[in-house]
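Here is the structure we will look at.
For this chain, numbers begin at 1 and follow the sequence in order.
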Amino acid sequence: SRPVDGSLPAAGPIIHHPDVKRMLMTMRAYTEGCRALASVAAAAYDAAHHHPDAETRKQNQTFYEFMVPLIKGYSTEMSLEVTSLGVQVHGGMGFIEETGCAQYYRDAKILTIYEGTTAIQANDLVGRKTSRDGGQTAKALAVQVQATEAALTATGTADAVAMAKRLAAARLAFVDVVDFVAGNTKAKPNDVFAGSVPYLMLSGNLMAGWQMARALLVAQEQVAKGVDVAFMQAKITTARFYADHILTKVPGLRDSIVDGAAAVTALPLDAF
Ligand SMILES: Cc1cc2nc3c(=O)[nH]c(=O)nc-3n(C[C@H](O)[C@H](O)[C@H](O)COP(=O)(O)OP(=O)(O)OC[C@H]3O[C@@H](n4cnc5c(N)ncnc54)[C@H](O)[C@@H]3O)c2cc1C
């Protein structure tokens with residue numbers, strides 16, 4: 001069909017439709033965010049084992065351990081989102097077998113099940129990575145995110161300022177949830193574990209978004225130096241997309257976790 005803005009005289013390729021671009025940008029943003037999170041954690045793992053300074057090794061180990069359930073749990077859940085959109089972009093051709101997209105979607109499903117299901121990763125995040133130290137590690141990460149927000153705001157560009165705003169809202173939601181989890185895991189375990197996977201999704205979303213924000217800062221510097229401008233501009237645009245379309249989910253997840261436990265557990269077992 002013809003593009004909605006009349007930019008082609010007749011029917012053209014589907015990439016002219018804004019919603020097709022939205023799907024492709026979503027796939028791109030999740031992929032880049034999750035990949036960046038895994039790379040940063042891998043670097044921390046190396047530093048945790050090989051850095052000459054013992055305190056730096058310890059800090060990197062703590063950082064790495066917090067990230068592990070996020071990388072396994074969040075990235076694999078998002079691989080389902082990405083591969084599902086891959087099918088959707090192709091329409092009926094995606095659902096039947098010619099394109100190979102449906103095979104990627106089916107293959108991605110096992111990633112959320114083996115090597116510890118998503119819920120088991122979430123149990124790790126709640127228990128060992130958050131409650132055990134009263135939320136200290138999580139809150140220290142929030143302080144690092146806040147420093148990135150300040151760096152973004154200082155550059156003053158529209159993309160960086162917009163990213164800083166979304167990151168701040170997501171960080172504040174994260175801190176609320178960390179307080180809820182750390183404060184209630186012992187007293188009201190069912191309330192906390194009713195929101196354990198949403199907490200994992202919230203944290204993964206924020207931490208991957210934080211890496212997108214850091215990438216945005218580097219890309220802006222490279223654009224200013226004239227280095228690989230088209231690639232860097234695409235990084236900035238993808239980070240901006242992540243901010244406006246993916247980080248924006250975080251405050252809603254906060255509400256589900258902090259306010260929504262009762263509806264998860266209210267129905268009696270014989271209602272299922
Ligand atoms: C293709 C494939 C390859 C595999 N390869 C290997 C392998 O090489 N080595 C190996 O050891 N295993 C392997 N597995 C097994 C895999 O690790 C398990 O299937 C996985 O750990 C889930 O366990 P389960 O199937 O018993 O499901 P269950 O543990 O019964 O889980 C069912 C559901 O209940 C939820 N659930 C269970 N317990 C909890 C809890 N405490 N809190 C919250 N939710 C919970 C789960 O999240 C899940 O949604 C493989 C499985 C498949 C399908």
Side-chain angles (χ1 to χ4, degrees), residues 29-30 32-34 36-41 44 59-60 62-71 73-75 77-78 121-122 125-126 129-131 133-185 192 195-220 236 238-260:
Y30 276 130
E32 288 191 15
C34 291
L37 193 62
S39 300
V40 165
Q59 283 169 6
N60 276 281
T62 306
F63 177 90
Y64 170 74
E65 284 175 4
F66 191 89
M67 292 301 159
V68 166
L70 275 48
I71 292 162
Y74 180 70
S75 304
E77 289 290 339
M78 292 313 108
Q121 302 303 325
L125 178 65
V126 167
K129 309 294 165 65
T130 307
S131 299
D133 71 359
Q136 276 184 44
T137 300
K139 286 189 176 176
L141 282 167
V143 172
Q144 290 188 48
V145 174
Q146 195 170 10
T148 301
E149 290 160 27
L152 288 160
T153 307
T155 76
T157 67
D159 290 324
V161 169
M163 171 58 99
K165 180 178 138 194
R166 301 297 186 197
L167 208 50
R171 170 180 52 81
L172 290 170
F174 172 72
V175 170
D176 269 2
V177 173
V178 168
D179 282 337
F180 174 76
V181 169
N184 291 296
T185 304
V192 171
S196 61
V197 168
Y199 171 41
L200 179 67
M201 296 302 113
L202 182 159
S203 306
N205 182 325
L206 170 63
M207 294 304 160
W210 176 31
Q211 306 319 316
M212 295 300 278
R214 294 177 63 215
L216 185 155
L217 284 169
V218 174
Q220 283 193 163
I236 294 168
T238 307
R240 176 68 187 266
F241 179 92
Y242 194 108
D244 290 345
H245 293 264
I246 298 175
L247 269 175
T248 45
K249 297 175 193 284
V250 169
L253 281 167
R254 175 234 167 259
D255 293 351
S256 301
I257 298 160
V258 174
D259 304 328

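Residue Leu247 holds its CG atom at 5.5 Å from CE of Met163, rounded to the nearest 0.5 Å. Atom CD1 in Ile257 sits 12.5 Å away from atom CG in Asn184 (nearest 0.5 Å). Taking OG1 from Thr185 and CZ from Phe180, the interatomic distance works out to 8.5 Å, rounded to the nearest 0.5 Å. Atom CE of Met207 sits about 7.0 Å away from atom CG of Leu70, to the nearest 0.5 Å. Note that the NZ atom of Lys165 and the CG atom of Leu152 stand 14.0 Å from one another [nearest 0.5 Å]. To the nearest 0.5 Å, the span separating CG on Leu216 from OG1 on Thr238 amounts to 10.0 Å.
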Margin query: Test side chain to side chain contact (heavy atoms under 4.5 Å, CB included) on Phe241 and Met212; report intermediate values, then the result.
Written below: CA-CA 10 Å; Phe241 179 92; Met212 295 300 278; over 6 Å; no

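When every heavy atom of Leu200 is checked against every heavy atom of Ala122, the shortest pair comes out as CD2-N, 3.9 Å. Of all heavy-atom pairs between Ile246 and Ala29, the closest is CD1-CB, 3.8 Å. In terms of heavy-atom proximity, Ala38 sits nearest to Ile71 at CA-CD1, 4.0 Å. Tyr242 and Gly204 get closest at one heavy-atom pair: OH-O, 4.3 Å. Between Tyr64 and Ala41, the closest heavy-atom pair is CD1-O, 3.4 Å. Heavy-atom minimum distance, Val250 versus Ala173: CG1-CB, 3.8 Å.
Side-chain N or O atoms of Lys139 include none that pairs as donor or acceptor with a backbone N or O of Val175 at under 3.5 Å. Ser256 places a side-chain N or O within donor-acceptor distance of the main-chain N or O of Gly252, the cut-off being under 3.5 Å. In terms of modelled atom types and a separation under 3.5 Å, the side chain of Tyr199 and the main chain of Leu253 share no donor-acceptor contact. A donor-acceptor pair is defined here as one N or O able to donate and one able to accept, closer than 3.5 Å; no such pair exists between the side chain of Thr130 and the backbone of Ala182.
Within the 4.5 Å cutoff, no side-chain heavy atoms of Thr137 are placed close to those of Lys129. At least one side-chain heavy atom of Met67 sits less than 4.5 Å from a side-chain heavy atom of Leu141. Put simply, the side chain of Met201 reaches to within 4.5 Å of the side chain of Met78, judged on heavy atoms.
Counting only residues at least two apart or in different chains, side chain to side chain donor-acceptor pair (under 3.5 Å) contacts with residues 143-157 comprise Thr148-Trp210, Glu149-Arg171, Thr155-Gln220, Thr157-Gln220. Annotation: salt bridge (charged side-chain N to carboxylate O under 4.0 Å, His left out) contacts involving residues 202-216, sequence neighbours excluded, are absent.
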